[in-house]
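No hydrogens, no waters, no symmetry mates; every other heavy atom, side chains included, goes into these values. Atoms within a ligand are numbered from 1 in the order they appear, just like the ligands themselves.
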Amino acid sequence: MKSHARVVVIGGGVVGVSTLYHLTKKGWKDVVLLERSELTAGSTWHAAGLLPLFNMSYTVGQLHKYSVDLYKRLPGETGQEVSFHVNGNLRLATCPERMDEYQKYCGTANTIGVPFQVIGPQQVKALWPLVNLGDGADTPRIIGALYHPDDGHIAPADLTMALRKGARNGGADIHENTEVTAAARTASGEWKLTTTQGEIICEHVVCATGNYARQCGRMFGVNVPAIPVEHQYIVYGESPELKAYREGGGRELAVLRESDQSYYLREERLGWILGPYEAGAPARFADGVPEWFGKTLFDGDLDRLLPHVEAAQRRVPVLEHCGIKDIVNGPISYTPDGSPLIGPAGGTRNLWLNEGHSFGITAAGGAGWQLAEWIVEAEPGIDMLAVDPRRFGGYCTKRYVVTKNEETYRSVFTIHFPDEERQDARPSKTSPVYDKIDRLGAVWGQRYGWERANWFAPAGVERRDQWSFRRSNYFEHVGNECRLMREQVGVIDLTPFTKHEITGIGAEAWLDRLVANKVPVKLGRIALSHALTERGGIRSEFTITKVGEQHYYVISAGAAERYDSDYLQRMLPRDGSVRLRNVTGSRGCFVIAGPRSRELLAKIVDVPLDNAAFPWLTGQVIEAGYASDVYALRVNFVGALGWELHFPIEHAHHLFDAVFAAGKEYGVGMVGVRAMESLRLEKSYRMWGSDMTRDYTPFEAGLDRFVRMNKGPFTGREALERQLAAGVPNRFVTLEAHDVGNADPLGNEPIFAPGGKLVGRATSGYFGHTLHKSLAIGYVRPEYAAVGTELEMEILGLRRRATVLIESPFDPDNKELKA
Ligand SMILES: Cc1cc2nc3c(=O)[nH]c(=O)nc-3n(C[C@H](O)[C@H](O)[C@H](O)COP(=O)(O)OP(=O)(O)OC[C@H]3O[C@@H](n4cnc5c(N)ncnc54)[C@H](O)[C@@H]3O)c2cc1C
């Protein structure tokens, strides 16, 4: 084994080998893979090899599409066959909500360019003659299906060998029977890995260790939220009917997924493989993989499988005529949201994760492609936030991950409603006034571990969501909250905001290089600022307030805590001139907004709140009630007169009571985040993570007024200059969708020119309750961005007329904000 390498990949499953392959494709030859046993010895060897393109995530969808395309060309490139059967994938629907889910997916698939067909029962029968369409009594009636003609299944071990060949051809070294047992930093900042075959020094480490993710992470001091769950499939013997069908000239049947019964079925040597996602599958190896578990399987658990076996037999009656040959029960890596961990491990330089893959055969190609790009070019080529390991934080304790992973596993085939809120491991992180808010009727949701009130059920209304792709039971109540905010005064508890204090002699200059806007120099000024990637894409959004000399208070999205904290930490100068403190847990935040908010606040603060004394976009450190050291910021995300109060967390109860006592005469009430979504869309406010991502520059996002090209150097500036010279390829628009019935856009809808040409995509959408318009925001080619342009948007499979509106259709002159 070499003593030095540029990159060491730990783990020789399909994901590790794909990462190695793609590093060589990017031109890095000095790369090494270490495998404790033999290649594929982890989960890869026993995988069923299915390659479903279906995925509701825009990011994961792109990774899967890349994989399927790559696997088709790999044999030609490497000479190694991979047994890719392009037999297609057929997902059945037996209820209208499932069809809605498929149609929602189709919008995303259209924007990615994945071919699919939505078909009716008779086409299902034509494609899959052995299927029982159902009578609606014993067997639910099939009402339609989603068909992907281009995917199928592959031999995972052959695929890994093809990638190995490609990597070796590109100059990579692979060492089997070489276990990494310890990791340390050298004095010069490289990694020193101790292995069973000696030591190796390297610049970068990639962990692709599958079921070993947590124990591997521990070697580097990193808590990796990936713990495997048991996953089984049944192998059936020969099926006489299938044999007759195939011998009669029938083509290989598509992989059949009966989502509503949570199983898949595919052909295997004239028999079948049946793979359920069962309730009750336990997490395994939370404390590490025991020594005895080599290329091993668990005992099969037929009891758990039985309900799915029976459902499958009703749907495909010929199954009854074949015997069970084998049950394969192996560990499958999971994360709390079911998506993998691809990208930098937070808090440690040059440590990369490619872990937590539950569809690793499908994802390996795309995951290796983007991770290699990230390592070599310092940026991924597409927005990877949905799989970035830093989307999880310190709340991912072992018990939390076990509970969530078991829930995620059994939910693989549940309908993925856009307003779905899973219940397990909750509440975990709460604002101090959670109980008070709960008593006001909150219907809770969860983000980044935090409980957030989605909406408030008035007295007598059931506190429960009916999840849907359409307007649902809470529509009217969310509308009332919007009107409360626009007409009186509302309170939103945004304690989950990410909050940092940045101090020191170098703070201003350092921040100024980090963001595209000018950092405030005058005490009390607030600047909305964006940290960009080197390619000019939007990486983070920060609201920066100068609260004292050499003292900035920086707010960003609640879900970005680790992501932003990690970035700020990495960028800190080493000379001690800037200090960074994450105060997310020690400061609470109430938004108090609406036309009566000034009168309300005047009753609990002693500073003047008029425009001359406290103008829009300024902040002051004040006392409020008995609370001291309150940062009062005249900004908000709903487009109303209002303030955000950021207070020391110990004052939460008092302040909450004081606000409600003072606001009683103005009709104050709580407002949830669904109303906030509606209100912010009426103002065309972009949301970090959906509307602002690294896929788009601030010029594309229409944020030109927050970019100061003449202020001196900042990250991403050169890329912006190049884009300005070449022409900005997309423009941000606000759209009204017409005649939508009860289905508003929600984001990820494709946008077409009247002739049918795809010209953009919506990134968010909601009903604007006070404008009475169905709204979307997103990106289109510049020639379609003029106000008044007539376009079409596909919502749940139907083309709807959509008109480009002016920016901020509610109060375009910001009169309310500045009132
Ligand atoms: C029953 C079953 C069926 C499945 N079917 C499908 C399917 O149809 N389609 C699909 O897409 N996915 C499927 N999967 C999931 C798929 O198997 C995994 O997602 C995929 O194999 C993960 O690959 P990996 O490279 O991340 O991990 P692994 O294949 O587990 O590889 C990790 C490797 O790291 C090595 N390693 C660990 N620690 C060290 C160390 N310290 N030093 C050196 N080496 C180390 C291990 O020995 C192992 O070889 C299935 C899983 C199961 C259990």
Side-chain angles (χ1 to χ4, degrees), residues 8-20 32-53 55 64 67-68 71 89 151-157 159-160 163 174-183 193-197 205-220 226 228-235 255 264 266 273 275-277 281 284-285 288-289 293-295 297-298 300 326-335 340-342 353-368 409 412:
V8 169
V9 177
I10 309 178
V14 65
V15 172
V17 183
S18 171
T19 310
L20 192 73
V32 171
L33 183 143
L34 307 178
E35 163 55 48
R36 66 191 291 278
S37 166
E38 57 189 61
L39 296 190
T40 78
S43 283
T44 299
W45 70 275
H46 55 62
L50 307 179
L51 302 175
L53 279 164
N55 199 287
H64 286 189
S67 293
V68 168
Y71 301 166
N89 224 299
D151 60 15
H153 60 95
I154 202 164
L159 169 64
T160 312
L163 290 164
I174 296 177
H175 299 279
E176 296 179 274
N177 299 309
T178 308
E179 179 174 0
V180 178
T181 54
L193 302 181
T194 307
T195 82
T196 46
Q197 307 296 331
V205 170
V206 177
C207 303
T209 59
N211 304 315
Y212 297 76
R214 275 175 83 77
Q215 65 214 77
C216 183
R218 271 200 294 274
M219 287 196 282
F220 297 89
V229 178
E230 281 189 22
H231 178 42
Q232 318 188 70
Y233 60 79
I234 302 171
V235 186
V255 178
Y264 67 80
R266 80 155 168 90
I273 284 182
Y277 283 78
R284 301 294 296 254
F285 308 149
V289 183
F293 193 89
K295 217 171 164 179
L297 292 169
F298 307 118
D326 201 2
I327 297 178
V328 174
N329 184 5
I332 185 166
S333 191
Y334 258 83
T335 64
L341 307 165
I342 310 170
L353 304 184
N354 210 343
E355 300 281 25
H357 284 275
S358 52
F359 285 91
I361 311 303
T362 320
Y409 176 83
V412 163

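Only backbone heavy atoms of A208 (N, CA, C or O) come within less than 4.0 Å of ligand 1; its side chain stays farther off. Contact annotation: for V17 versus ligand 1, there are no heavy atoms closer than 4.0 Å. Both the backbone and the side chain of V14 come within 4.0 Å of ligand 1, judged by heavy-atom distances. Using a 4.0 Å cut-off between heavy atoms, W45 makes no contact with ligand 1 at all. Contacts between P156 and ligand 1 below 4.0 angstrom, taking non-hydrogen atoms only, are absent altogether.
Protein heavy atom at the shortest distance from atom 31 (O) of ligand 1 is G13 CA, 3.3 Å. Closest to atom 21 (O) of ligand 1 among all protein heavy atoms lies T44 OG1, 3.0 Å. Residue, atom and distance of the protein heavy atom nearest to atom 34 (O) of ligand 1 are G11 CA, 3.2 Å. Atom 30 (O) of ligand 1 has S43 N, 2.8 Å as its closest protein atom, hydrogens excluded (heavy atom only). Annotation: atom 53 (C) of ligand 1 to nearest protein heavy atom, H46 CE1, 3.1 Å. In terms of protein heavy-atom proximity, atom 42 (N) of ligand 1 is closest to V180 N, 3.1 Å. Taking atom 36 (N) of ligand 1 as the reference point, the nearest protein heavy-atom neighbour is R36 CD, 3.6 Å. Regarding atom 35 (C) of ligand 1, its nearest protein heavy-atom neighbour is E35 OE1, 3.2 Å.
Here the closest heavy-atom approach between residue G49 and residue I361 is recorded as CA-CG2, 4.4 Å. Listed here is the closest heavy atom pair of T335 and A226: CG2-CB, 4.4 Å. In plain terms, the two heavy atoms of A363 and Y71 that are nearest each other are C-OH, 4.5 Å. The two residues H64 and P52 make their nearest non-hydrogen contact at ND1-O, 3.3 Å.
For T362 (side chain) and G360 (main-chain N/O), no donor-acceptor pair under 3.5 Å exists by modelled atom type. In this structure, S43 contributes its side chain and I332 its backbone to no donor-acceptor pair below 3.5 Å. In this structure a side-chain-to-backbone donor-acceptor pair under 3.5 Å is present from S67 to G365. Checking side-chain atoms of E38 against main-chain N and O of E176 turns up no donor-acceptor pair under 3.5 Å. Of the possible polar contacts, none joining the S358 side chain to the Y334 backbone as a donor-acceptor pair under 3.5 Å is found. Under the 3.5 Å distance criterion, the side-chain polar atoms of E35 are left unmatched by any main-chain donor or acceptor of G11.
Between H46 and P331, the closest side-chain pair of non-hydrogen atoms falls below 4.5 Å. Taking 4.5 Å as the limit, some side-chain heavy atom of H357 sits within range of a side-chain heavy atom of I342. Q197 is not listed as a side-chain neighbour of H175, based on a closest heavy-atom distance of 4.5 Å or more.
Checked by distance only, ligand 1 and N354 stay at 3.5 Å or farther apart across all their nitrogen or oxygen atoms. Taking any N or O of I361, backbone or side chain, at least one lies under 3.5 Å from an N or O belonging to ligand 1. In terms of polar-atom proximity, T40 is not counted as a contact of ligand 1, lacking any N or O under 3.5 Å from an N or O of the ligand. Considering backbone and side-chain N/O atoms, Y212 never comes within less than 3.5 Å of an N/O atom of ligand 1.
At least one heavy atom of P331 sits under 4.0 Å from some atom of ligand 1. Taking a 4.0 Å cut-off on heavy atoms, L51 fails to register as neighbouring ligand 1. Not a single heavy atom of C216 sits closer than 4.0 Å to an atom of ligand 1.
Taking all heavy atoms of I273, V8, V15 into account, the minimum distance to atom 25 (O) of ligand 1 is reached by V15.
Applying the 4.0 Å criterion to heavy atoms of L34 picks out, from ligand 1, the atoms 43 (C), 44 (N). Every atom of ligand 1 is numbered from 1 in the order shown, and the set under 4.0 Å from a heavy atom of A47 is 3 (C), 4 (C), 5 (N), 6 (C), 13 (C), 14 (N), 17 (O), 50 (C). Within ligand 1, counting atoms from 1 as listed, the ones closer than 4.0 Å to a heavy atom of G12 are 33 (C), 34 (O). Of all atoms in ligand 1, numbered sequentially from 1 with element shown, those under 4.0 Å from a heavy atom of L50 are 7 (C), 8 (O), 9 (N), 10 (C), 11 (O).
Ring geometry for F293 against F298 counts as tilted: the plane angle lies between 30° and 60°, on a 0 to 90° scale.
Results of the side-chain contact (heavy atoms from CB on, under 4.5 Å) test with L34 over V8, V205, N177 single out V8 as the only residue that passes.
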